[in-house]
Q: 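This is the structure I have questions about; it appears just below.
Proteins get letters first, then strands, A, B, ... in listed order; numbering begins at 1 in each.
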Protein chains: 2
Amino acid sequence: MAEIAGLDTCRDTEVDEDRVAATVAWVGGVEEPSRVADLFRLLGDATRTRMLYALLEAGELCVCDLARAVEVSETATSHALRLLRTAGIVANRRAGRKVYYRLADTHVRLLLDVSGEHLRHGESAP
Amino acid sequence: MAEIAGLDTCRDTEVDEDRVAATVAWVGGVEEPSRVADLFRLLGDATRTRMLYALLEAGELCVCDLARAVEVSETATSHALRLLRTAGIVANRRAGRKVYYRLADTHVRLLLDVSGEHLRHGESAP
DNA sequence: TGTACATCTGAGCAGGTGTTCACATATTGC
DNA sequence: GCAATATGTGAACACCTGCTCAGATGTACA
């Protein structure tokens, strides 16, 4: 029943065995955790998060204005936006020489809201 | 109106100026983006995310079983759980020599759900 | 076309992060 | 008490990540 080789500690063989087996199969079989981690890693940087908050507040901003809003160099802003754009978190629109960025979909706003909710309420009931 | 020193590019002074000023004040004044980034950084690791998914599936697991479920050493599991516990993402319960971990609150499950939703639907309408 | 502006890109480097190793602590049963 | 199991801790290391710098690309206007 899927005894994992190489890890020989935890000698107990109680009733949790089947639950562990089912869990390892489920976690290992689906690639979702890895992709979710990739998404969270992008949001796990203060500069990028501040950019998202700025876009959430302003609706739409060009690179230079966004750079000033978060007080980061325009080059760093461009690098960050590239990552966010590739991941589909933000979308861009060209107007003349400027490129305006905005949040791509509502899921991002929801993630920010839920996170803020978590922080505000601290650790509450399960 | 809060011209940021040290960043002298982007010479345009169009109608967006006030919006930028308001945005920079809002983003800079609130520490929420930084704390949200800290939270997302914790979730931005594949090992930790798989642990959360395992706990989400199994409900409750001791360290050694969780280590086998995500196929990581028990030491690495303990280190990861310490970070998650300090952040209030997981909670623990001692039963004999074993320590059982579970998701701390419903916000984490919601974050995982919304993230999965985002990935499944890709980038849709704003 | 040439100049100025806005954005993008690649290389290089400092700082942060996750893992492993060795050891410490805690709990149970003899 | 002692031995065995389960978990926690700190240091060392390799790896990754985000920033800056220099330069390239794209766009508008004279």
Q: Nearest whole Å is fine: how far is dA6(D) C1' from Leu81(B) CG?
A: 13 Å
Q: Relative to the 5' end of DNA chain D, which residue comes earlier, Ser78(B) or Ala76(A), by the nucleotide with the nearest heavy atom?
A: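 Nearer the 5' end of the strand: Ser78(B).
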Q: Using the side-chain heavy atoms of Cys64(B), tell me which of these nucleotides is nearest: dC8(C), dA4(D), dT7(D).
A: dT7(D)
Q: Nearest to the side chain of Lys98(B), which nucleotide is it out of dG18(D), dG10(D), dT7(D)?
A: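 Closest of the options to the side chain of Lys98(B): dT7(D).
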Q: Which nucleotide, dT7(D), dT27(D), dT7(C), lies nearest any side-chain atom of Val63(B)?
A: dT7(D)
Q: Check every atom of dT17(D), dC21(D), dT27(D) against the side chain of Arg41(A) and return the nucleotide holding the closest atom.
A: dT17(D)
Q: Side chain of Arg85(A): nearest nucleotide among dT9(D), dA28(D), dC8(C)?
A: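 Among the listed nucleotides, the one closest to the side chain of Arg85(A) is dC8(C).
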Q: Could you state the CD-P distance from Glu74(A) to dG23(D), rounded to the nearest angstrom?
A: 18 Å
Q: Give the rounded distance in Å between these two atoms: CZ of Arg94(A) and P of dT7(C).
A: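 Roughly 8 Å, once rounded to whole Å.
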Q: Would His79(A) pass as stacked on dT20(D), i.e. its ring centre under 5.5 Å from the base's six-membered ring centre and planes under 30° apart?
A: no
Q: Using heavy-atom distances to pick each residue's nearest nucleotide on DNA chain C, tell me which of Leu83(B) and Thr75(B) is more 5'.
A: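 Its nucleotide being nearer the 5' end, the pick is Leu83(B).
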Q: With respect to the side chain of Arg97(A), which nucleotide from dG10(D), dA4(D), dT27(D) is positioned closest?
A: dT27(D)
Q: For the pair made of OH in Tyr100(B) and P in dA26(C), what is the distance, rounded to whole Å?
A: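 Computing the Tyr100(B):OH to dA26(C):P distance gives 20 Å.
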Q: Parallel, tilted or perpendicular, judged at 30° and 60°: which one describes the rings of Phe40(A) and Phe40(B)?
A: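 The arrangement is parallel - the two ring planes meet at less than 30°.
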Q: Given dA6(D), is OP1 or OP2 found less than 4.0 Å from the side-chain N or O atoms of Tyr101(B)?
A: no
Q: Short question: side chain of Arg50(A), backbone of Val70(A) - any donor-acceptor pair under 3.5 Å?
A: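 Yes; at least one donor-acceptor contact below 3.5 Å.
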Q: Keeping Arg48(B) on the side-chain end and Leu42(B) on the backbone end, is there a donor-acceptor pair under 3.5 Å?
A: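 Yes, because the side chain of Arg48(B) sits within donor-acceptor range (under 3.5 Å) of the backbone of Leu42(B).
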Q: Quickly work out the Glu71(A) CD to dC19(D) P distance and round it to whole Å.
A: 14 Å
Q: Does Arg48(A) or Thr77(B) map to a spot on DNA chain D nearer the 5' end, using the closest nucleotide for each?
A: Thr77(B)
Q: Separation of Leu61(A) atom CG from dA6(C) atom P, in whole Å?
A: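 My rounded result for the distance is 15 Å.
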Q: Whole-Å distance between dG18(C) P and Leu84(B) CG?
A: 10 Å
Q: Taking atom CZ as the centre, does Arg82(B) end up with more than 12 heavy-atom neighbours from other residues, nucleotides or ligands that are less than 6.0 angstrom away?
A: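 No, the 6.0 Å shell around CZ holds no more than 12 heavy atoms from other groups.
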Q: Which one, dG18(C), dT7(D), dG18(D), comes nearest to the side chain of Cys62(B)?
A: dT7(D)
Q: Would you mind reading off the distance between Asp45(A) atom CG and dT17(C) atom C1', rounded to a whole angstrom?
A: 13 Å
Q: How far apart are the closest heavy atoms of Gly59(B) and Arg102(B), and which atoms are they?
A: O-CB, 3.5 Å
